[in-house]
Amino acid sequence: MEGKLVERLEAAVERLEALAAGGGISARGLPDSGGDDMSSDPSIVAFDDLMDQYAAKVSGAAEKIGGQVLDVSKLLLEAFSVEKKLLMEIKQTQKPDMAGLAEFLKPLNDVIMKVNSMAEARGSEFINHFKSAAESLSALAWIAYTGKDCGMSMPIAHVEESWQAAEFYNNKVLVEYKTKDPNHVEWAKALKELYLPGLRGYVKSHYPLGPVWNASGKKVSAAPSKAPPSGAPAPPCPPPASHFTSEPSKASSSQPKQGMSAVFQELSSGNVTAGLRKVTDDMKAKNRTDRTGVVSTSEKRTSSTPSTTTPTVKKVAPPKLELQMGRKWAVENHIGNKNLVIDDCDAKQSVYVFGCKDSVLQIHGKVNNITLDKCTKMGVLFKDVVAAFEIVNCNGVEAQCQGSAPTISVDNTSGAQLYLSKDSLEAAITTAKSIDINVLVPDATSDADWAEHPLPQQYIHVYKNGQFETSPVSHSGA
C-alpha cells in the first residue's frame, strides 16, 4: 500500500516539474493560461464527471455496435464537448443580446444539425437510434436560457421535456432489440442515463436558473453580414432552421385564427351577408320555363356514365393545429410532421386528432380527453388525461402516457402500441373490433426495461348452466 502511494507521489512530482520547466505553472500550482483556464472550476469539474460517468457508457456501447450507431454517438459526444467549452467561455463573457447569443452558440448548433441530418435521412435500419440522439441533443439548448421571457422552459424542465421527446424513439430501440442484440439495449439505456439523471442532475446542481455570465468579461456580437462584390453570384439558399435563433418562439395563441375560429369571429362581426347576391323571382326553379319536372333518358345516361377524359382527383384538406372556441384542440390532416406540439392547454380542453399520417404529436400538460380518429402510423406522447384516451379507426399507432389515464379505449383499430407509466397501470383498457394491440409497462425488475403484454383478440364462448361463458383463447407455441 505504501509503495503504491510513493509511486503516485513521484509521478505527480514529475508532471509538476515538467510543467514548471516549460513555464506553465502559476504560483497556485495550477496550469497558467493567462487567467483564462477554467478547468478547476467546480461546475467544469462536475461536467467532466458527467462525461466520465455517463457519456463513457454511451461510447462503450456504441463501439460494440459500430457502424452508423458509432458515428452518431461520436457526434453526440462531440456536442457535449462543445457545450463544455461554451460553459468555460461563459464565465469570461458578458451576456450578449439575442443575435450575439445565436452567434455564440453556433458551434454547438453546427454539431446538432449534423445529427439532425442523419435523423432526416431515410433508408437506414438505425433510424430510431438517429432520432433518439437528435431529439435528445435539444436538451443541450438549456444553455440558451436567458430568463422567463426568452420563450423556453427553465433549464431543468427543458432537459426533462427534451428527453421525453427522445424517449419515444428510444423505447422503440429497446423493444426492437430486446431479444435481438443486447448491445443496442445497453446503448439505449446508457443514452437515457446520460440525460436522466446525468444532465438533469448537473443542471439542477450548478445552473438551475440558467448560465451565469461575467458582467466584466469580454463582449460577444453577431457576425457582420458582408455584402457580395459587384458581379458576384447570388448567395446560396439559407441553411436549415437553427436550434438557437435570435427571435423568441411565438405561442400558438398568437397566430391568426383559422378554420371554425375564423368563422365564428366573422359571424360575431355582423357583416356576414355582405357581398351576397339577391335571388329574384325569375331565378327560382319553380318559375323557370327552361326546366321541367321530366328527366329525359339521355340525361339519365349522361349522368350515370363516368367521364373517361377527366380523372377524379381526391381533395386533401389543409393541415390544421388550432384551438377551437377555447375548448377543443383540432389536429387534422398532417402528413410526415414529427414536430406537432401543444403547450398551452388545461384540464377543461380536449384534443381531437383526425386524418394524420406518419406524424408525432406531443401534448405538454393535462387535458380532459384525447381522441385519435382515422390516423395511420401516428405517434402521441402525453402526460395526463382526466377522462379517457381513445383510438378509433386507426392503423399502426403508438401512444405513450407519462402520467395517468383512467380509461383507454381502442375501437376498430389494427396495430397499436400503448406505453404506460407507473401512474397509469390502473387504467381500464377497453378494446372492440381491434387486432394486434400490445401494452408495454415498466418492467418490475428494471426501471429501464419494458414488459410487453399482447391483448387477446380471440375468445371462446361456451354455453354452461344456462348462459355463455367467455374467455380469451390461449395459444401455445410448438
Side-chain angles (χ1 to χ4, degrees), residues 128 131-132 134-139 142 152-175 188-189 191-201 203-204 329 331 338-351 353 356 359-372 375 378-391 397-410 416-429 437-444 446-453:
N128 289 322
K131 289 184 178 293
S132 298
E135 293 288 347
S136 69
L137 279 179
S138 63
W142 72 265
M152 61 183 293
S153 303
M154 294 188 67
I156 300 174
H158 177 79
V159 173
E160 294 174 345
E161 292 168 1
S162 299
W163 174 251
Q164 288 171 2
E167 191 170 26
F168 184 83
Y169 300 102
N170 202 57
N171 287 339
K172 289 187 175 183
V173 177
L174 289 172
V175 173
K189 291 180 179 179
L191 183 64
K192 180 177 182 178
E193 292 176 358
L194 177 60
Y195 294 95
L196 304 180
L199 184 61
R200 179 184 61 184
V203 173
K204 182 178 181 180
W329 284 96
V331 185
K338 308 290 186 180
N339 300 308
L340 297 172
V341 179
I342 296 177
D343 281 321
D344 188 13
C345 54
D346 59 51
K348 295 181 180 180
Q349 296 172 348
S350 62
V351 179
V353 186
C356 294
S359 300
V360 177
L361 171 65
Q362 300 180 46
I363 304 172
H364 298 159
K366 179 184 289 187
V367 294
N368 185 269
N369 69 287
I370 303 171
T371 301
L372 269 66
C375 294
M378 182 70 187
V380 178
L381 184 70
F382 65 95
K383 289 187 177 180
D384 302 289
V385 289
V386 178
F389 174 76
E390 301 173 291
I391 303 175
V397 299
E398 296 188 17
Q400 181 173 356
C401 177
Q402 297 176 324
S404 61
T407 302
I408 298 175
S409 174
V410 184
Q417 295 265 37
L418 305 176
Y419 295 85
L420 303 183
S421 67
K422 293 182 179 179
D423 295 332
S424 58
L425 294 181
E426 297 181 0
I429 303 176
I437 310 300
N438 293 321
V439 181
L440 293 94
V441 300
D443 197 326
S446 174
D447 293 338
D449 288 336
W450 291 88
E452 185 173 2
H453 300 273

Any chance you could lay out the side-chain contact (heavy atoms from CB on, under 4.5 Å) test for Glu167 and Gln400, step after step, and finish with the verdict?
CA-CA 10 Å; Glu167 191 170 26; Gln400 181 173 356; 3.8 Å; yes
Keeping the roles fixed (side chain from [X], backbone from [Y]), state whether a donor-acceptor pair exists under 3.5 Å.
X: Thr407; Y: Ala428; result: no
X: Asp384; Y: Ser404; result: yes
X: Ser424; Y: Leu420; result: no

Euclidean distance, [Y] [atom2] relative to [X] [atom1], rounded to 0.5 Å:
X: Asn170; Y: Lys192; atom1: CG; atom2: NZ; answer: 8.0 Å
X: Glu135; Y: Trp163; atom1: CD; atom2: CH2; answer: 10.5 Å
X: Ile156; Y: Lys204; atom1: CD1; atom2: NZ; answer: 6.5 Å
X: Cys356; Y: Leu372; atom1: SG; atom2: CG; answer: 8.0 Å
X: Ser153; Y: Asp343; atom1: OG; atom2: CG; answer: 7.5 Å
X: Ser136; Y: Tyr169; atom1: OG; atom2: OH; answer: 12.5 Å

Starting from the C-alpha separation in whole Å, work towards a yes-or-no answer on side-chain contact (heavy atoms from CB on, under 4.5 Å) for Cys345 and Trp329.
CA-CA 9 Å; Cys345 54; Trp329 284 96; 3.8 Å; yes
Locate the shortest heavy-atom distance separating [X] from [Y]; write the atom from each residue and the value.
X: Val367; Y: Gln349; value: CB-O, 3.5 Å
X: Phe389; Y: Val385; value: N-CG2, 4.4 Å
X: Lys383; Y: Gly365; value: CD-N, 3.9 Å
X: Asn368; Y: Lys348; value: CB-C, 4.3 Å
X: Leu425; Y: Pro442; value: CD2-CD, 4.2 Å
X: Val173; Y: Ala188; value: CG1-CB, 4.1 Å

Is the number of heavy atoms from other residues, nucleotides or ligands under 6.0 Å of Lys338 NZ greater than 12?
yes
Within the structure provided, determine whether [X] and [Y] are in side-chain contact (heavy-atom separation under 4.5 Å).
X: Leu361; Y: Ile342; result: yes
X: Phe168; Y: Glu398; result: yes
X: Leu418; Y: Ile391; result: yes

Go through the steps for Gln164 and Gln402 under the test side-chain contact (heavy atoms from CB on, under 4.5 Å), then give the verdict.
CA-CA 9 Å; Gln164 288 171 2; Gln402 297 176 324; 3.3 Å; yes
If we count only N and O atoms by modelled type, under 3.5 Å, do the side chains of Thr371 and Glu390 hold a donor and an acceptor together?
yes
